[in-house]
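Here is the structure we will look at.
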Amino acid sequence: MKNNFDRTVSCLADHKKYDLVDGVFLGDLDGPLKALIRQDFPKATNDDFICSEHLVHYRLLKMDQMIAKDYRQNKKLNRKLTRVMENDTYQMVDVREQLENSLTFGQKIADAVAHFGGSWPFIISFISVMILWILINTFHWFGFKFDPYPFILLNLFLSMVAAIQAPLIMMSQNRAAEYDRMESRNDYHVNLKSEEEIRVLHSKIDHMIQQDSPNLLQIQKIQTEMLGSIEAQVGELRRLQQVLDEKVMGSQITEKTNNKQDN
(Lines give C-alpha, C1' and ligand atoms only; values in the text may rest on other atoms or scores of the structure.)
Protein backbone atom coordinates (compact mmCIF):
# COMPACT_ATOMS: atom_id res chain seq x y z
CA MET A 1 0.00 0.00 0.00
CA LYS A 2 1.04 3.64 -0.45
CA ASN A 3 2.96 5.18 2.41
CA ASN A 4 2.28 8.89 3.00
CA PHE A 5 5.11 9.35 5.54
CA ASP A 6 8.17 8.37 3.51
CA ARG A 7 9.25 7.36 0.02
CA THR A 8 9.19 3.62 0.69
CA VAL A 9 6.33 1.24 -0.09
CA SER A 10 5.71 -2.47 0.33
CA CYS A 11 6.04 -4.73 -2.72
CA LEU A 12 3.01 -6.84 -3.62
CA ALA A 13 5.16 -9.89 -4.39
CA ASP A 14 7.65 -10.19 -1.53
CA HIS A 15 6.21 -7.60 0.96
CA LYS A 16 9.59 -5.92 1.31
CA LYS A 17 10.09 -2.18 1.51
CA TYR A 18 11.27 -0.43 -1.66
CA ASP A 19 11.77 3.14 -2.73
CA LEU A 20 9.12 4.55 -5.08
CA VAL A 21 11.62 4.68 -7.92
CA ASP A 22 12.29 0.94 -7.60
CA GLY A 23 8.91 -0.09 -9.02
CA VAL A 24 5.45 1.04 -10.14
CA PHE A 25 1.85 0.88 -8.99
CA LEU A 26 -0.45 -1.56 -10.78
CA GLY A 27 -2.66 1.31 -11.95
CA ASP A 28 0.22 2.58 -14.10
CA LEU A 29 0.59 -0.70 -16.01
CA ASP A 30 -1.07 -1.84 -19.23
CA GLY A 31 -4.15 -4.02 -19.01
CA PRO A 32 -2.58 -7.32 -20.29
CA LEU A 33 0.42 -7.01 -17.95
CA LYS A 34 -1.85 -6.08 -15.05
CA ALA A 35 -4.06 -9.10 -15.77
CA LEU A 36 -1.00 -11.36 -15.82
CA ILE A 37 0.06 -10.12 -12.36
CA ARG A 38 -3.47 -10.57 -11.00
CA GLN A 39 -3.40 -14.22 -12.03
CA ASP A 40 -0.89 -14.73 -9.19
CA PHE A 41 -2.39 -12.07 -6.92
CA PRO A 42 -6.19 -12.03 -7.48
CA LYS A 43 -6.81 -9.51 -4.68
CA ALA A 44 -4.35 -6.94 -6.02
CA THR A 45 -5.69 -3.42 -6.65
CA ASN A 46 -4.44 -0.47 -8.70
CA ASP A 47 -2.95 1.04 -5.50
CA ASP A 48 -0.67 -1.96 -4.90
CA PHE A 49 3.02 -1.56 -5.61
CA ILE A 50 5.30 -4.05 -7.39
CA CYS A 51 9.07 -3.73 -7.40
CA SER A 52 11.15 -3.65 -10.59
CA GLU A 53 12.70 -7.05 -9.88
CA HIS A 54 9.36 -8.85 -9.94
CA LEU A 55 7.95 -6.56 -12.64
CA VAL A 56 10.76 -7.63 -14.99
CA HIS A 57 9.74 -11.25 -14.40
CA TYR A 58 6.15 -10.54 -15.49
CA ARG A 59 7.24 -8.46 -18.45
CA LEU A 60 9.50 -11.26 -19.67
CA LEU A 61 6.68 -13.75 -19.08
CA LYS A 62 4.36 -11.57 -21.17
CA MET A 63 6.89 -11.41 -24.01
CA ASP A 64 7.35 -15.18 -23.86
CA GLN A 65 3.59 -15.69 -24.13
CA MET A 66 3.32 -13.40 -27.17
CA ILE A 67 6.29 -15.06 -28.89
CA ALA A 68 4.90 -18.54 -28.13
CA LYS A 69 1.48 -17.53 -29.49
CA ASP A 70 3.01 -16.21 -32.71
CA TYR A 71 5.10 -19.37 -33.03
CA ARG A 72 2.03 -21.60 -32.64
CA GLN A 73 0.09 -19.59 -35.21
CA ASN A 74 2.96 -19.65 -37.71
CA LYS A 75 3.39 -23.38 -37.17
CA LYS A 76 -0.34 -23.89 -37.77
CA LEU A 77 -0.17 -21.94 -41.05
CA ASN A 78 2.92 -23.88 -42.14
CA ARG A 79 1.14 -27.18 -41.48
CA LYS A 80 -1.82 -25.95 -43.50
CA LEU A 81 0.44 -25.01 -46.42
CA THR A 82 2.18 -28.39 -46.23
CA ARG A 83 -1.19 -30.15 -46.19
CA VAL A 84 -2.28 -28.23 -49.29
CA MET A 85 0.93 -29.18 -51.07
CA GLU A 86 0.57 -32.86 -50.15
CA ASN A 87 -3.15 -33.24 -50.89
CA ASP A 88 -2.80 -32.31 -54.55
CA THR A 89 -1.28 -35.47 -56.01
CA TYR A 90 -1.77 -34.33 -59.58
CA GLN A 91 1.55 -34.14 -61.38
CA MET A 92 2.03 -31.25 -63.76
CA VAL A 93 2.83 -32.50 -67.26
CA ASP A 94 4.10 -31.05 -70.51
CA VAL A 95 1.03 -31.71 -72.65
CA ARG A 96 2.75 -31.11 -75.98
CA GLU A 97 5.64 -33.42 -75.17
CA GLN A 98 3.29 -36.13 -73.91
CA LEU A 99 1.16 -36.00 -77.06
CA GLU A 100 4.15 -35.97 -79.39
CA ASN A 101 5.62 -39.02 -77.66
CA SER A 102 2.33 -40.90 -78.06
CA LEU A 103 1.85 -40.18 -81.78
CA THR A 104 1.29 -43.15 -84.09
CA PHE A 105 2.49 -43.30 -87.70
CA GLY A 106 -1.05 -42.65 -89.02
CA GLN A 107 -1.49 -39.64 -86.74
CA LYS A 108 1.80 -38.19 -87.95
CA ILE A 109 0.63 -38.59 -91.58
CA ALA A 110 -2.70 -36.94 -90.71
CA ASP A 111 -0.92 -34.01 -89.11
CA ALA A 112 1.38 -33.63 -92.12
CA VAL A 113 -1.54 -33.72 -94.56
CA ALA A 114 -3.56 -31.22 -92.51
CA HIS A 115 -0.53 -28.96 -92.19
CA PHE A 116 0.22 -29.04 -95.91
CA GLY A 117 -3.45 -28.85 -96.95
CA GLY A 118 -3.92 -25.60 -95.06
CA SER A 119 -0.92 -23.84 -96.54
CA TRP A 120 -0.37 -21.53 -99.51
CA PRO A 121 2.02 -23.93 -101.28
CA PHE A 122 -0.79 -26.52 -101.46
CA ILE A 123 -3.32 -23.98 -102.75
CA ILE A 124 -0.94 -22.59 -105.39
CA SER A 125 0.23 -26.02 -106.53
CA PHE A 126 -3.35 -27.37 -106.60
CA ILE A 127 -4.61 -24.44 -108.69
CA SER A 128 -1.61 -24.74 -111.00
CA VAL A 129 -2.30 -28.44 -111.63
CA MET A 130 -5.98 -27.74 -112.32
CA ILE A 131 -5.14 -24.95 -114.81
CA LEU A 132 -2.51 -27.09 -116.54
CA TRP A 133 -4.95 -30.02 -116.71
CA ILE A 134 -7.65 -27.84 -118.32
CA LEU A 135 -5.24 -26.23 -120.79
CA ILE A 136 -3.79 -29.55 -121.93
CA ASN A 137 -7.21 -31.08 -122.51
CA THR A 138 -8.59 -27.95 -124.15
CA PHE A 139 -5.79 -26.95 -126.54
CA HIS A 140 -4.32 -30.47 -127.10
CA TRP A 141 -0.89 -29.48 -125.83
CA PHE A 142 1.83 -32.10 -126.27
CA GLY A 143 -0.68 -34.10 -128.27
CA PHE A 144 -2.68 -35.21 -125.23
CA LYS A 145 -6.43 -35.11 -124.79
CA PHE A 146 -7.16 -37.71 -122.11
CA ASP A 147 -9.96 -35.76 -120.32
CA PRO A 148 -12.01 -33.57 -122.69
CA TYR A 149 -14.63 -31.11 -121.54
CA PRO A 150 -16.52 -31.34 -119.08
CA PHE A 151 -13.38 -32.81 -117.41
CA ILE A 152 -15.06 -35.81 -115.82
CA LEU A 153 -11.73 -37.39 -114.78
CA LEU A 154 -10.65 -34.12 -113.12
CA ASN A 155 -13.90 -34.01 -111.16
CA LEU A 156 -13.29 -37.61 -110.10
CA PHE A 157 -9.79 -36.79 -108.87
CA LEU A 158 -11.04 -33.70 -107.03
CA SER A 159 -13.74 -35.76 -105.33
CA MET A 160 -11.17 -38.42 -104.36
CA VAL A 161 -8.80 -35.79 -102.94
CA ALA A 162 -11.62 -34.20 -100.94
CA ALA A 163 -12.86 -37.59 -99.72
CA ILE A 164 -9.39 -38.63 -98.53
CA GLN A 165 -8.28 -35.24 -97.23
CA ALA A 166 -11.39 -34.55 -95.14
CA PRO A 167 -11.00 -37.54 -92.75
CA LEU A 168 -7.30 -36.83 -92.37
CA ILE A 169 -8.02 -33.19 -91.46
CA MET A 170 -10.69 -34.35 -89.00
CA MET A 171 -8.19 -36.73 -87.40
CA SER A 172 -5.76 -33.85 -86.96
CA GLN A 173 -8.53 -31.63 -85.55
CA ASN A 174 -9.51 -34.36 -83.11
CA ARG A 175 -5.92 -34.49 -81.90
CA ALA A 176 -5.92 -30.69 -81.57
CA ALA A 177 -9.14 -30.89 -79.54
CA GLU A 178 -7.59 -33.58 -77.33
CA TYR A 179 -4.56 -31.36 -76.84
CA ASP A 180 -6.82 -28.46 -75.84
CA ARG A 181 -8.70 -30.66 -73.34
CA MET A 182 -5.48 -31.90 -71.75
CA GLU A 183 -4.06 -28.38 -71.68
CA SER A 184 -7.25 -27.05 -70.09
CA ARG A 185 -7.25 -29.82 -67.47
CA ASN A 186 -3.59 -29.21 -66.70
CA ASP A 187 -4.19 -25.44 -66.41
CA TYR A 188 -7.14 -26.08 -64.09
CA HIS A 189 -5.00 -28.10 -61.67
CA VAL A 190 -2.18 -25.56 -61.86
CA ASN A 191 -4.58 -22.71 -61.11
CA LEU A 192 -6.28 -24.67 -58.32
CA LYS A 193 -2.97 -25.46 -56.66
CA SER A 194 -1.76 -21.88 -57.06
CA GLU A 195 -4.99 -20.55 -55.61
CA GLU A 196 -4.68 -22.76 -52.50
CA GLU A 197 -1.06 -21.72 -51.99
CA ILE A 198 -1.88 -18.04 -52.49
CA ARG A 199 -4.76 -18.31 -50.01
CA VAL A 200 -2.45 -19.76 -47.34
CA LEU A 201 0.22 -17.16 -48.11
CA HIS A 202 -2.42 -14.44 -47.72
CA SER A 203 -3.27 -15.91 -44.32
CA LYS A 204 0.40 -15.77 -43.32
CA ILE A 205 0.72 -12.18 -44.50
CA ASP A 206 -2.47 -11.20 -42.69
CA HIS A 207 -1.13 -12.86 -39.54
CA MET A 208 2.13 -10.93 -39.86
CA ILE A 209 0.31 -7.62 -40.36
CA GLN A 210 -2.50 -8.07 -37.83
CA GLN A 211 -0.69 -9.96 -35.06
CA ASP A 212 3.07 -10.23 -35.48
CA SER A 213 3.64 -6.52 -36.08
CA PRO A 214 1.48 -5.35 -33.12
CA ASN A 215 3.16 -7.94 -30.90
CA LEU A 216 6.59 -6.73 -31.95
CA LEU A 217 5.55 -3.17 -31.16
CA GLN A 218 4.20 -4.33 -27.80
CA ILE A 219 7.48 -6.11 -27.05
CA GLN A 220 9.41 -2.97 -28.00
CA LYS A 221 7.15 -0.96 -25.71
CA ILE A 222 7.82 -3.34 -22.82
CA GLN A 223 11.56 -3.14 -23.50
CA THR A 224 11.35 0.65 -23.55
CA GLU A 225 9.50 0.63 -20.22
CA MET A 226 12.17 -1.65 -18.76
CA LEU A 227 14.91 0.67 -20.01
CA GLY A 228 13.01 3.65 -18.60
CA SER A 229 12.74 1.92 -15.23
CA ILE A 230 16.46 1.16 -15.24
CA GLU A 231 17.24 4.74 -16.22
CA ALA A 232 15.06 6.05 -13.38
CA GLN A 233 16.84 3.78 -10.89
CA VAL A 234 20.23 4.94 -12.19
CA GLY A 235 19.10 8.55 -11.83
CA GLU A 236 17.96 7.91 -8.26
CA LEU A 237 21.28 6.27 -7.47
CA ARG A 238 23.10 9.29 -8.83
CA ARG A 239 20.93 11.57 -6.70
CA LEU A 240 21.62 9.50 -3.60
CA GLN A 241 25.32 9.47 -4.44
CA GLN A 242 25.28 13.24 -4.79
CA VAL A 243 23.48 13.63 -1.44
CA LEU A 244 25.96 11.26 0.17
CA ASP A 245 28.90 13.18 -1.31
CA GLU A 246 27.45 16.44 -0.01
CA LYS A 247 27.07 14.93 3.47
CA VAL A 248 30.64 13.63 3.39
CA MET A 249 31.95 17.01 2.28
CA GLY A 250 29.89 18.73 4.97
CA SER A 251 31.27 16.36 7.59
CA GLN A 252 34.83 17.00 6.43
CA ILE A 253 34.30 20.77 6.55
CA THR A 254 32.78 20.53 10.04
CA GLU A 255 35.65 18.34 11.18
CA LYS A 256 38.25 20.79 9.85
CA THR A 257 36.45 23.70 11.53
CA ASN A 258 36.38 21.88 14.88
CA ASN A 259 40.07 21.05 14.55
CA LYS A 260 40.90 24.74 13.95
CA GLN A 261 38.90 25.82 16.98
CA ASP A 262 40.65 23.25 19.16
CA ASN A 263 44.04 24.53 18.03
Side-chain angles (χ1 to χ4, degrees), residues 1-81 200-258:
M1 299 295 293
K2 292 181 181 179
N3 194 321
N4 297 324
F5 301 100
D6 54 30
R7 292 173 53 85
T8 61
V9 287
S10 177
C11 176
L12 173 67
D14 57 13
H15 305 290
K16 294 181 180 179
K17 293 290 185 178
Y18 291 92
D19 194 86
L20 286 175
V21 76
D22 293 331
V24 296
F25 292 98
L26 293 188
D28 298 329
L29 298 176
D30 292 336
L33 187 58
K34 190 189 306 181
L36 187 63
I37 296 174
R38 283 177 174 169
Q39 290 180 0
D40 294 336
F41 305 97
K43 297 182 179 181
T45 64
N46 290 338
D47 294 331
D48 287 321
F49 180 85
I50 183 169
C51 65
S52 298
E53 180 180 354
H54 292 90
L55 183 59
V56 167
H57 166 73
Y58 287 105
R59 282 171 170 165
L60 293 176
L61 182 60
K62 180 61 180 177
M63 287 191 287
D64 289 340
Q65 288 179 351
M66 289 190 292
I67 293 172
K69 182 179 179 181
D70 289 343
Y71 176 78
R72 288 194 301 270
Q73 185 65 21
N74 288 328
K75 191 175 180 180
K76 179 181 178 181
L77 292 173
N78 289 332
R79 285 199 303 267
K80 185 177 180 180
L81 180 60
V200 177
L201 291 176
H202 270 301
S203 299
K204 296 187 71 173
I205 294 174
D206 291 341
H207 171 71
M208 292 176 61
I209 295 175
Q210 298 176 5
Q211 188 166 348
D212 284 355
S213 297
N215 284 349
L216 289 175
L217 294 176
Q218 184 68 22
I219 290 174
Q220 291 177 356
K221 181 180 178 181
I222 293 174
Q223 292 174 341
T224 303
E225 291 175 350
M226 293 171 64
L227 291 175
S229 177
I230 293 173
E231 185 175 337
Q233 292 178 7
V234 171
E236 181 65 14
L237 290 175
R238 288 176 178 174
R239 187 187 66 80
L240 294 176
Q241 181 67 35
Q242 185 177 1
V243 171
L244 182 61
D245 291 340
E246 290 176 355
K247 289 182 178 180
V248 171
M249 291 179 63
S251 299
Q252 291 177 352
I253 292 173
T254 301
E255 185 177 354
K256 288 180 180 180
T257 302
N258 292 334

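Annotation: the span from Leu60 atom CG to Lys62 atom NZ amounts to 13.0 Å, rounded to 0.5 Å. Going from atom OG of Ser10 over to atom NZ of Lys16 covers 11.0 Å, rounded to the nearest 0.5 Å. Between Leu12 atom CG and Arg38 atom CZ the span is 10.0 Å, to the nearest 0.5 Å. The distance from atom SG of Cys51 to atom NE2 of His57, rounded to the nearest 0.5 Å, is 11.5 Å. Separating the CG atom in Asn46 from the CZ atom in Phe25 is a distance of 11.0 Å, to the nearest 0.5 Å.
In this view, Asp14 satisfies the salt bridge (Lys or Arg N to Asp or Glu O under 4.0 Å) rule with no residue, not counting sequence neighbours.
In this structure, Asp48 contributes its side chain and Thr45 its backbone to a donor-acceptor pair below 3.5 Å.
Two residues are said to be in side-chain contact when any heavy atoms from C-beta on lie closer than 4.5 Å; Leu36 and Gln65 meet this criterion. His54 places a side-chain heavy atom less than 4.5 Å from the side chain of Cys11.
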| request: Take Ile50 and Tyr58, measure what side-chain contact (heavy atoms from CB on, under 4.5 Å) needs, and give me the verdict at the end. | output: CA-CA 10 Å; Ile50 183 169; Tyr58 287 105; 3.9 Å; yes
